[in-house]
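Quick notes on the structure that follows.
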Amino acid sequence: MTSLAIHWDTDPATADVQTSDPPVVSAHLAHAGVLFERWDTATELPTDADEAAVSAVYGEAIERLKLHRAFQSFDVVRVTPDTPGLDALRAKFLAEHTHTEDEARFFVAGAGSFFLHIGRKVYRVCCERGDLISVPAGTRHWFDMGARPGFTAIRFFTRPDGWVAAYTGDAIAERFPAPVA
Ligand SMILES: [Fe+2]
């Protein structure tokens, strides 16, 4: 289920805000400068949907996002418990980092959790099918796909060589376990 919890960055055990209401999630994140949308998921896509299949269903929303957020391209990534090198892949995104460009993801299927460290707060956003999130460039964040991940997501790019992680060296992610098993 889509959800948002907002914590002080020193207090992972206590959430000041906890909601599973997508418009409320969107409003809180907008206040923090983060784009969050629900896209219409009336058409079911297989978890192994490729770029063409995704375009056929979400083409209009994809083009709107590209236009307004200056994304040049997108691809589709799928991770399952059988994905080779899973532990390393999970660990790569599990430490706090930033990018020089926005990190936008749309969940075609499955789920994953973004943790956004903005000011003194940590926004834990559990995304599921139909959720779009765009983490602004320079925002400290990490992503947990869970120990047994299962998701298919659209990734948007502003540059072909972009979206490189710059690690902050802060171990904060170790204090904020994700609810995704
Ligand atoms: Fe990232």
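Nothing here was measured: the structure is a model prediction, and the numbers come from that model. Both counts, for ligands and for their atoms, begin at 1 and track the order of listing. Heavy-atom basis, side chains included; hydrogens, waters and symmetry copies ignored.
- If you look at the Fe ion (ligand 1), the protein N, O or S atoms less than 2.8 Å from it are His97 NE2, His99 NE2, Glu103 OE1, His141 NE2.
- For residues 54-72, the set of pairs meeting the salt bridge (Lys or Arg N to Asp or Glu O under 4.0 Å) definition, not counting sequence neighbours, comprises Glu37-Arg64, Glu63-Lys66.
- Salt-bridge check for Asp131 with Arg38: passed, with a basic side-chain N closer than 4.0 Å to an acidic carboxylate O.
- Considering only residues two or more places apart in sequence or on other chains, Val34 meets the side-chain contact (heavy atoms from CB on, under 4.5 Å) condition with Leu29, Leu116, Ile118, Ile133, Pro136.
- For residues 71-94, the set of pairs meeting the ring-ring contact (aromatic ring centres under 6.0 Å, His included) definition, not counting sequence neighbours, comprises Phe71-Phe156, Phe93-Trp163.
- Salt bridge status for Asp48 with Arg78: absent, with no side-chain N to carboxylate O gap under 4.0 Å.
- Aromatic ring centres of His141 and His117: separated by at least 6.0 Å.
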